[in-house]
Amino acid sequence: MRRLRRLPSAPEPLLMAHLRTTVWGPAEFVGLPPRWLVVEGVLAGTLGAGAIVGTTLVGAWTGQPWLADGKAGLVCAVLLVLYLVLVGAGRALIGIVALLAVCLAIHAPEASAGIVLAHRGVVRPSVVMSVEDGGETADGHGLYFCSVSDRHGVPVKVRIRRGCLRTTRPGDALLLLYDPEVRVPPRSAESGRSLTAPLRALGAWSAALVGGCVIAVVRSLRLSHTAAAPSTTWVREASGPDEGPAPAVAPQPSRWLSGSRSSGSGPG
């Protein structure tokens, strides 16, 4: 008489594959990734970076505080992260993209103010009211902050760092770059009216964000879908010495889905 005996299966390879897929994404393709997937990643990253920078720049140009302070940019960053979650990107890559998007949203307000002042800023004199010692910079140079007032004696709300030196005394004159429409705070005229510095900062963070989105979207591709639990092999075991070996029952073949997205939970 024959009876069924279940052969134990090793769950470690499937568990490691599940963790790898969950953390870094399935990436179930051979060779170079599909071109349409790369285009999708570039488009998602470009739209995300453009939305973060664009909303902040519009806020600085029009004087809308809720746009200029970067809060709208953080909302755009959250929407970009939700998109990556929906397409099934790896958890680690989602975290990297989220970090890059937040850094871009944090740097965008200052860079946007610099762009506005470079376009329509005017140089006006100001008078130093007080000088505060800010310690030392990383390279050992002294750091000083000057509180100034405009030519009408009205105190300026921001402290000036560029052009404020150890030898600066109250009553000295400093040249500031003002926005005629008073929509962005003034800054020292020594920073200049060049677009190089703000565009360099925004370009570096934006490029990193687009690159992270491309990798996350490309690695979210899943070509196959297998059963959730590992299959068990059943064999018939002979009960007597005179009975021959019993054939093993082959496991059910997995179903292949062409170009399907990952659900974000690893190979099923």
Side-chain angles (χ1 to χ4, degrees), residues 25 32-33 35-85 87 89-90 92-123 137-139 158 160-163 176-179 181 183-220:
L32 296 177
R35 183 177 302 177
W36 63 268
L37 203 58
V38 177
V39 172
E40 181 181 347
V42 172
L43 185 61
T46 303
L47 290 178
I52 294 172
V53 175
T55 54
T56 309
L57 183 58
V58 169
W61 191 269
T62 60
Q64 299 294 331
W66 63 280
L67 292 176
D69 59 7
K71 293 180 181 177
L74 290 175
V75 173
C76 297
V78 171
L79 294 177
L80 179 60
V81 170
L82 289 178
Y83 164 76
L84 295 179
V85 172
V87 301
L93 296 176
I94 292 177
I96 293 173
V97 170
L99 178 61
L100 293 174
V102 170
C103 291
L104 178 59
I106 292 175
H107 285 79
E110 182 179 357
S112 299
I115 293 174
V116 172
L117 290 175
H119 275 85
R120 65 186 186 203
V122 294
V123 178
T137 60
D139 52 2
V158 296
I160 305 302
R161 181 178 62 86
R162 290 180 180 271
L176 298 186
L177 192 61
Y178 284 87
D179 177 19
E181 301 182 14
R183 292 176 175 172
V184 297
R187 60 181 57 184
S188 174
E190 290 190 3
S191 59
R193 304 179 63 174
S194 174
L195 291 173
T196 304
L199 291 181
R200 184 189 301 118
L202 293 178
W205 286 110
S206 299
L209 179 59
V210 172
C213 287
V214 171
I215 297 175
V217 172
V218 167
R219 291 193 60 88
S220 68

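- Here the closest non-hydrogen pair linking Val81 and Ala98 is CG2-CB, 3.6 Å.
- The CD1 atom of Ile96 sits 11.5 Å away from atom CG of Leu84, with the distance rounded to the nearest 0.5 Å.
- For the pair Leu209/Ile52, a side-chain contact is recorded, criterion being any heavy-atom separation below 4.5 Å from C-beta on.
- Under the side chain to side chain contact (heavy atoms under 4.5 Å, CB included) criterion, Leu47 pairs with Leu43, sequence neighbours left out.
- Every side chain to side chain contact (heavy atoms under 4.5 Å, CB included) that Val122 has, sequence neighbours left out, goes to Arg124, Tyr178, Pro180.
- Heavy-atom contacts from other residues, nucleotides or ligands closer than 6.0 Å to CG of Leu82 number more than 12.
- Of all heavy-atom pairs between Ala113 and Ala60, the closest is N-CB, 4.4 Å.
- By the salt bridge (Lys or Arg N to Asp or Glu O under 4.0 Å) test, Arg120 pairs with Asp179, Glu181, sequence neighbours left out.
- Counting heavy atoms from C-beta on, the side chains of Leu176 and Arg187 never come closer than 4.5 Å.
- With Ser220 contributing its side chain and Ala89 its backbone, the two residues share no donor-acceptor pair below 3.5 Å.
- The stretch residues 55-83 participates, sequence neighbours left out, in these salt bridge (charged side-chain N to carboxylate O under 4.0 Å, His left out) pairs: Asp69-Lys71.
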Stepwise side chain to side chain contact (heavy atoms under 4.5 Å, CB included) test for Ser206 and Val53: CA-CA 9 Å; Ser206 299; Val53 175; 4.2 Å; yes
Validation: residues 99-106 side-chain donor-acceptor distances under 3.5 Å, sequence neighbours left out:
none

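- At least one donor-acceptor pair closer than 3.5 Å links the side chain of Arg183 to the backbone N or O of Trp61.
- Inter-residue side-chain proximity for Leu67 and Thr56 is flagged as unmet; no heavy-atom pair is nearer than 4.5 Å.
- Atoms OH and CD, from Tyr83 and Glu40 in turn, are 3.5 Å apart once rounded to the nearest 0.5 Å.
- Residues meeting the side chain to side chain contact (heavy atoms under 4.5 Å, CB included) test with Ile115, sequence neighbours left out: Leu57, His119, Leu195, Pro198, Leu199, Leu202.
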CA sep, side-chain torsions, deciding dist, call: Val58, Gln64, side chain to side chain contact (heavy atoms under 4.5 Å, CB included): CA-CA 8 Å; Val58 169; Gln64 299 294 331; over 6 Å; no
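- A 4.5 Å side-chain heavy-atom check between Pro186 and Leu177 finds every atom pair outside the cut-off.
- Looking at every heavy atom in both residues, Gly163 comes nearest to Ser188 through N-OG, 4.3 Å.
- Nearest heavy atom pair, residue Gly73 against residue Thr55, reads N-OG1, 3.8 Å.
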